[in-house]
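Each remark here refers to the structure printed beneath this line.
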2 protein chains.
Amino acid sequence: MRLSTKGEYASRAMLELSVRYAEGALHIRDISAAQGIPERFLEQILLQLKRAGYLRSRKGPKGGYFLAKPPSRISVAEVIRVMDGPLAPIDCVSVTAHDPCPREPYCGLKGLWKEVRDAVAEILERTTFEDMAERSRVAKARSVTP
Amino acid sequence: MRLSTKGEYASRAMLELSVRYAEGALHIRDISAAQGIPERFLEQILLQLKRAGYLRSRKGPKGGYFLAKPPSRISVAEVIRVMDGPLAPIDCVSVTAHDPCPREPYCGLKGLWKEVRDAVAEILERTTFEDMAERSRVAKARSVTP
DNA sequence: ATATTAGTCGACTATCTCAATCGACTAAGT
DNA sequence: ACTTAGTCGATTGAGATAGTCGACTAATAT
Ligand code: FES
Ligand code: FES
């Protein structure tokens, strides 16, 4: 039930872009430095998020990446689905990539996997990057004035 | 957020052993056939579950595997932890294998991962193999008399 | 006793996924 | 034109996954 490094990096990058949404475009290098993500790896993550429609970019000097829509309209679930695929623990209970298993009629476990999927999806779908950015600002403020 | 095949097979095998708990020891071959799991692969899964204390076995004719304790006292969470490790999406929020990440103080995401971990753990910890066996019996009965 | 049955153990392998790296290219500013 | 910075495809190394295999050991039935 583990989140991939890619999924984690993508979330962190999106968070950085959300916290500094007002600044406009950020370079890969800045995001990489701020979040401690290998630059060359981050490059391909951002590209993937761009292709999926969550980011836009500008080339050349003063270029960089920025969110395609406000942080309040992007859920963490969407980003994780782009990087790691379906949230479901197994495919027979996936909403986005449903694929029935052979012995479904007798299977006592399906309901359980569905509960897990629904619980995870509910949390990640209701949480937007605006929420995360806000929590991040609060955490930072608290760490500055203890 | 995917469950490994090993985790899935282990759950299915434990379910089979729970549904037929009264029958005493079951051969690897029977469990394998009933649940459609490669025999030689199942062998090593059952051994792992035995080493972890959830199964016991008897050799020779009339031998086989059986639960070390009643199905009501084994949660799905325990079995998955044996096969796949911690339930947490990332280590900094794992209870069983906690490992702090470097930038914890500023991290806005930690709380979210913790919510996910807690939700998953709550479901899998409260669900026992007795519950699963019961659901399985109900499902079977329903499929016989529609 | 001994043949048969069935779990035990360690090692082995093929395939895949993950996490990353690289080089060459293209577009945007100055 | 020159520099900066994103784009794209390919490749790689390590490690995990999903299995297989052969030889061994213990229990039972005859
Ligand atoms: S796990 Fe898919 S139906 Fe049982
Ligand atoms: S993910 Fe561990 S502290 Fe942010």
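So that the names make sense, note that chain A is the first sequence line, chain B the second, and so on, each numbered from 1.
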Figure out the [atom1]/[atom2] separation between [X] and [N], and round it to whole Å.
X	N	atom1	atom2	answer
B:Ile37	D:dG19	CD1	P	10 Å
B:Leu47	D:dT25	CG	P	16 Å
B:Phe66	D:dA27	CZ	P	12 Å
B:Leu55	C:dG7	CG	P	12 Å
A:Ile45	D:dG6	CD1	P	15 Å
B:Tyr65	C:dT5	OH	P	19 Å
A:Gln48	C:dT17	CD	P	14 Å

Counting side-chain heavy atoms from CB outward, which of C:dT8, C:dA6, C:dG23 is closest to A:Glu43?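 Of C:dT8, C:dA6, C:dG23, C:dG23 is nearest to the side chain of A:Glu43.
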
Contacts of [X] that satisfy salt bridge (Lys or Arg N to Asp or Glu O under 4.0 Å) - sequence neighbours left out:
X	value
A:Glu122	A:Arg126
A:Arg58	none
A:Arg2	B:Asp91
B:Arg40	B:Glu43

Inspect the contact between B:Arg81 and B:Glu78 and indicate whether a charged nitrogen and a carboxylate oxygen are less than 4.0 angstrom apart.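 Salt bridge absent between B:Glu78 and B:Arg81.
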
Side-chain donor/acceptor of A:Gln44 to base of C:dT21, under 3.5 Å: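 Such a pair is found, so the answer is yes.
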
Donor-acceptor pair, B:Arg12 side chain versus B:Gln35 backbone, under 3.5 Å?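 Yes; at least one donor-acceptor contact below 3.5 Å.
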
Sequence neighbours left out, what pairs pass ring pair (Phe, Tyr, Trp, His ring centres under 6.0 Å) with at least one residue falling in residues 26-51 of chain A?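 Every pair satisfying ring pair (Phe, Tyr, Trp, His ring centres under 6.0 Å) with a residue in residues 26-51 of chain A: A:Tyr9-A:Phe41.
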
Please work out if A:Ile28 contacts a base, only the sugar-phosphate, or nothing of the nucleic acid, heavy-atom cut-off 4.0 Å.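 Since only primed, P, OP1 and OP2 atoms lie under 4.0 Å of A:Ile28, the category is sugar-phosphate.
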
Starting at the 5' end of nucleotides 24-30 of chain C, put B wherever the base has a protein heavy atom under 4.0 Å, S where only the sugar-phosphate does, and a dash everywhere else. --BSBS-

Residues from residues 2-19 of chain B sitting under 4.0 Å of DNA chain C, heavy atoms only?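 DNA chain C contact set from residues 2-19 of chain B: none.
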
Would you indicate, yes or no, if D:dC8 has its OP1 or OP2 atom less than 4.0 angstrom from a side-chain nitrogen or oxygen of A:Arg51?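 For A:Arg51, the contact criterion (side-chain N or O under 4.0 Å from OP1 or OP2 of D:dC8) is met.
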
Quick one: side chains of residues 94-101 of chain B, donor-acceptor pairs under 3.5 Å with protein atoms, not counting sequence neighbours, listed by atom name and distance.
unit_1	atom_1	unit_2	atom_2	d
B:Ser94	OG	B:Thr96	N	3.4
B:Ser94	OG	B:Ala97	N	2.8
B:His98	NE2	B:Cys92	O	3.1

List in chain and number order the residues that pass side chain to side chain contact (heavy atoms under 4.5 Å, CB included) with B:Ser57, two or more places apart in sequence or in another chain; answer none if no residue qualifies.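 For B:Ser57 the side chain to side chain contact (heavy atoms under 4.5 Å, CB included) partners, ignoring immediate neighbours, are B:Lys50, B:Tyr65.
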
